[in-house]
A.B. asks: 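One structure is given below, represented as structure tokens, and several questions about it will come after.
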Amino acid sequence: MPTPDQDVLEVKPLKTLAPMFPAPLGVDVLNRSTAPPLVFVAPAGQFPWVFGSLNIPAVRSFAAFGGQDASGGKTAGGGDQDASGGKTAAGGDQDAGRGETAAFGGQETGRGESVANGTPNVGASATGPIDATPISACKSTQPSVISLDDDDNDDDEPYGGNQTSASGRKIKRPSHLKGYNISDGLGTDSSNGTKKRPKTSNRKAATDNEISLMPPSSDPREVVEVLLMTFEALRRRHLQLDETQETSKRADLKAGAIMLASNLRANIGKRIGAVPGVEVGDIFYFRMELCIIGLHAPSMGGIDYMNKFGDEDDSVAICIVAAGVYENDDDDTDTLVYSGSGGISRNSEEKQDQKLERGNLALERSLSRKNVIRVVRGYKDPACLTGKVYIYDGLYKIHESWKERTKTGINCFKYKLQREPGQPDAVAIWKMCQRWIENPAARGKVLHPDLSSGAENLPVCLINDVNSEKGPGHFNYITQVKYLKPLRSMKPFQGCRCTSVCLPGDTSCDCAQHNGGDLPYSSSGLLVCRKLMVYECGESCRCSINCRNRVAQKGVRIHLEVFRTTNRGWGLRSWDPIRAGSFICEYVGEVVDDTKVNLDGEDDYLFRTVCPGEKTLKWNYGPELIGEHSINISADTFEPLPIKISAMKMGNVARFMNHSCNPNTFWQPVQFDHGEDGYPHIMFFALKHIPPMTELTYDYGDVGYESRGVGSRAKNCLCGSSNCRGFFS
């Protein structure tokens, strides 16, 4: 509840408010006319040479406050921003007297926004008549522009083709996005516009290739997962190319621009409530991911809203991102006190009170309308010093609002949101896991604090909160594969001669050449794409242990727990969020002689390189989108490796990973300590972003593959996924 020194907001419905017009001192400016209250005022005063009169095209483009403001589109008061700092929201929530652009939904914005840009709404002189025209009389086409946040561009202007700011200055597109047509609105309901092919090498991408990236299924969840997988893969590939060329551009913006230009997006148009294909608890690492799946349109703005509520012209909030820029209280997992937008400007130290307009007004109207609002909460990424993890926490409703003075001395709007009951836990699980990481003793139902007995880098808890079983059958915990013959008797691995560490783009690095010319991992240790074989640096290399090409060989780096499932025995999950492409663990056991293995036996812990499902095979980026040749492997061309590993008597945490027809991990052959490619290390990587406490699974293989000579006894599948095949090998 507001304290006595806090003001309770008392906002009347917008249609009852009469417009205010500037006038000389001492003159009553209250317009008591019965004309439509929403008006278009031809700005003059400070910038008469920009807007002119209604007969000038520059003025017509300003109609309905849909164009840029007189300051060239820069943010006023820093509104609706997140941690990226001070820039205008991408295609929406732009606090420059623009409100929400036509790029996201194409709705008008509006009400009273001419005051926000600081331009007096007066005529040629202060004493002259006010030139005001009802909004409905202004027939102009709103520009369709996608504005992407970019750290290299301090001007918060959208960069569409041949666009100019309100001050007449030509808007430049960042150099790293030249060649991508991003003029089509993200989320617009119209499909009349035609898309141009990206220029340069991107023109090679054909429509058939773009369509092939999308799953044939109409399942919204599958569509969203494929889009996110494609985005992240494109981002990793662009980051790899940028590192080779020693540039530091935003790979996430490049990937987003490519997908928008290729019309690879979901849930076009704005909506109140849940978004098809997006589940409570889903995690994201970039704001652009929220955009392409239709969860939250602005790539930087904290408040997403629409200007229609049913048949009424009234703005309501539909989604907010609490990213930590403002003083938001989120200690309670079911209650969020959210600070309004504005009052912060990165380009100047001037601070000003927040205004009840745009996103703030939409939140206030949602309090009256009582509509649900999607909430995304941002937290520091535990695996990256400068990164964030965004968690979709479900639907909330605003229960009260007030105004209070912040520590910085400005008046700030506060909105108290309460989580709707009956939803799965999301942020609550995140915070619970963070407590366990800080103090593992806080984890309940523990059968053993460390199943590995210190063999792993981090303890592996054994948990059973389902039944009274005391643990899995006996086995010896090991962390290295036991080969049929000593490593010294195997073919040696030809290492590199790099000094210190291997560097991207170094053509003299033998390990990079083994991997096709590029180092297989990003600077943060993410696998860029799935390969027939990944070659890491090993003992035969001259580079140091800190080389970026030494990832999987360093062992488990996340907090894992073995837990009892309800119907599939023991399983494996993580306390940490896992990013797509992250290394998880190795499948460790004893290599079995191919001539002695009994494929129809009772060894449920036998790993074979059976062809995985289509989803795993298509994990790679869409190279056709950037003019590269496809490197995907089909089930028809897949060739198994002779290696077979049994973890029945000895193994590690990987032996507890269950099968799923919709897996979240995949196996990748990796070599570093010997040169016999038929017997590599089997490493598991994240197929997609994996929230904490989500079971880790991989595809054991399709039973249809046995017809090609592998042989298998089909087992009933209990994965429960929507695309379950019913059996696995």
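No hydrogens, no waters, no symmetry mates; every other heavy atom, side chains included, goes into these values. Numbering of residues begins at 1 and proceeds along the displayed sequence.
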A.B. asks: With the side chain counted from C-beta on, respond yes when Cys719 and Thr697 share a heavy-atom pair under 4.5 Å apart, and no when they do not.
C.D. replies: no
A.B. asks: Side chains of Phe231 and Glu289, heavy atoms from C-beta outward: is any pair under 4.5 Å?
C.D. replies: yes
A.B. asks: Name the orientation class of the two ring planes belonging to Tyr483 and His681 (parallel below 30°, tilted from 30 to 60°, perpendicular beyond 60°).
C.D. replies: perpendicular
A.B. asks: Would you check if Trp436 and Met693 make a side-chain contact, meaning some heavy-atom pair closer than 4.5 Å?
C.D. replies: yes
A.B. asks: Looking only at side chains, do Asp699 and Thr616 share a donor and an acceptor under 3.5 Å apart?
C.D. replies: no
A.B. asks: Pick out which of Tyr605, Phe728, Phe727 makes a ring pair (Phe, Tyr, Trp, His ring centres under 6.0 Å) with Tyr700.
C.D. replies: Phe728
A.B. asks: Give me the atom names and distance for the closest heavy-atom approach of Pro276 to Arg271.
C.D. replies: CD-NH1, 3.6 Å
A.B. asks: If you measure from the Lys or Arg side-chain nitrogens to the Asp or Glu carboxylate oxygens, is any gap between Glu590 and Lys649 under 4.0 Å?
C.D. replies: no
A.B. asks: Taking only distance into account, with no hydrogens and no angle test, what donor-acceptor pairs under 3.5 Å do side-chain atoms of residues 516-524 form with protein atoms, sequence neighbours excluded?
C.D. replies:
from: Asp518; atom 1: OD2; to: Arg237; atom 2: NH1; distance (Å): 3.3
from: Tyr521; atom 1: OH; to: Glu536; atom 2: OE2; distance (Å): 2.6
from: Ser522; atom 1: OG; to: Ser524; atom 2: N; distance (Å): 3.4
from: Ser522; atom 1: OG; to: Ser524; atom 2: OG; distance (Å): 3.1
from: Ser522; atom 1: OG; to: Leu526; atom 2: N; distance (Å): 3.1
from: Ser523; atom 1: OG; to: Glu243; atom 2: OE2; distance (Å): 3.2

A.B. asks: May I ask you to check whether over 12 heavy atoms, not counting those of Leu484, lie within 6.0 Å of atom CG?
C.D. replies: yes
A.B. asks: Any donor-acceptor pair under 3.5 Å linking the side-chain atoms of Glu222 with those of Asn723?
C.D. replies: no
A.B. asks: Measure up the Trp667 and Phe607 rings against each other and bin them: parallel (under 30°), tilted (30 to 60°), perpendicular (over 60°).
C.D. replies: perpendicular
A.B. asks: Locate the shortest heavy-atom distance separating Val481 from Val588; write the atom from each residue and the value.
C.D. replies: N-CG1, 3.9 Å
A.B. asks: For Met288 versus Leu253, what's the shortest heavy-atom pair and its separation?
C.D. replies: CE-CD2, 4.0 Å
A.B. asks: What are the two closest heavy atoms between Cys319 and Leu295, and how far apart are they?
C.D. replies: SG-O, 3.6 Å
A.B. asks: With side chains defined as the heavy atoms from C-beta onward, is the minimum distance between Cys433 and Asp576 less than 4.5 Å?
C.D. replies: no
A.B. asks: Among residues two or more places apart or on two chains, list those pairs meeting salt bridge (charged side-chain N to carboxylate O under 4.0 Å, His left out) that have a residue in residues 663-690.
C.D. replies: Glu225-Lys688, Lys485-Glu676
A.B. asks: Looking at every non-hydrogen atom in both residues, tell me the closest pair between Ser722 and Asp219 and how far apart they are.
C.D. replies: OG-OD2, 3.2 Å
A.B. asks: Taking the six-membered ring for Trp and the single ring otherwise, decide whether the centroids of Tyr390 and His296 are under 6.0 Å apart.
C.D. replies: no
A.B. asks: With sequence neighbours left out, what residues match Arg235 under salt bridge (Lys or Arg N to Asp or Glu O under 4.0 Å)?
C.D. replies: Glu232
A.B. asks: Check whether any side-chain heavy atom of Val446 sits under 4.5 Å from a side-chain heavy atom of Ile463, and report yes or no.
C.D. replies: yes
A.B. asks: Check whether any side-chain heavy atom of Leu458 lies under 4.5 Å from a side-chain heavy atom of Val556, and answer yes or no.
C.D. replies: no
A.B. asks: Answer yes or no: does atom NZ of Lys445 have more than 12 heavy-atom neighbours from other residues, nucleotides or ligands under 6.0 Å?
C.D. replies: no
A.B. asks: Is there a side chain to side chain contact (heavy atoms under 4.5 Å, CB included) between Val280 and Tyr392 once you walk through the steps?
C.D. replies: CA-CA 6 Å; Val280 175; Tyr392 175 47; 4.0 Å; yes
A.B. asks: Any chance you could lay out the side chain to side chain contact (heavy atoms under 4.5 Å, CB included) test for His238 and Ile258, step after step, and finish with the verdict?
C.D. replies: CA-CA 11 Å; His238 265 291; Ile258 291 172; 3.1 Å; yes
A.B. asks: Can you list every side chain to side chain donor-acceptor pair (under 3.5 Å) pair that touches residues 470-482, not counting sequence neighbours?
C.D. replies: Glu456-Tyr477
A.B. asks: Decide yes or no for Val275 and Ile293: does some side-chain heavy atom of the first lie under 4.5 Å from some side-chain heavy atom of the second?
C.D. replies: no
A.B. asks: List in chain and number order the residues that pass side chain to side chain contact (heavy atoms under 4.5 Å, CB included) with Leu462, two or more places apart in sequence or in another chain; answer none if no residue qualifies.
C.D. replies: Leu447, His448, Leu451, Pro472, Val562, Trp570
A.B. asks: Check whether any side-chain N or O of Glu586 sits under 3.5 Å from a backbone N or O of Ala552 as a donor-acceptor pair, and report yes or no.
C.D. replies: no
A.B. asks: Might you point out which heavy atoms bring Val466 and Thr566 nearest each other, and give the distance in Å?
C.D. replies: CG1-CA, 4.3 Å
A.B. asks: Less than 6.0 Å separating the ring centroids of Phe656 and Phe475?
C.D. replies: yes
A.B. asks: Please tell me if the side chains of Asp252 and Tyr285 come closer than 4.5 Å, counting only heavy atoms from C-beta onward.
C.D. replies: no
A.B. asks: Looking at Trp619, Tyr587, Tyr698, which hits ring pair (Phe, Tyr, Trp, His ring centres under 6.0 Å) with Phe666?
C.D. replies: Trp619
A.B. asks: What residue pairs, at least two apart or across chains, pass side chain to side chain donor-acceptor pair (under 3.5 Å) with a residue in residues 459-468?
C.D. replies: Asn464-Asn467
A.B. asks: The test is side chain to side chain donor-acceptor pair (under 3.5 Å); show your working for Ser660 and Asn662 and say whether it passes.
C.D. replies: CA-CA 5 Å; Ser660 176; Asn662 184 26; 5.9 Å; no
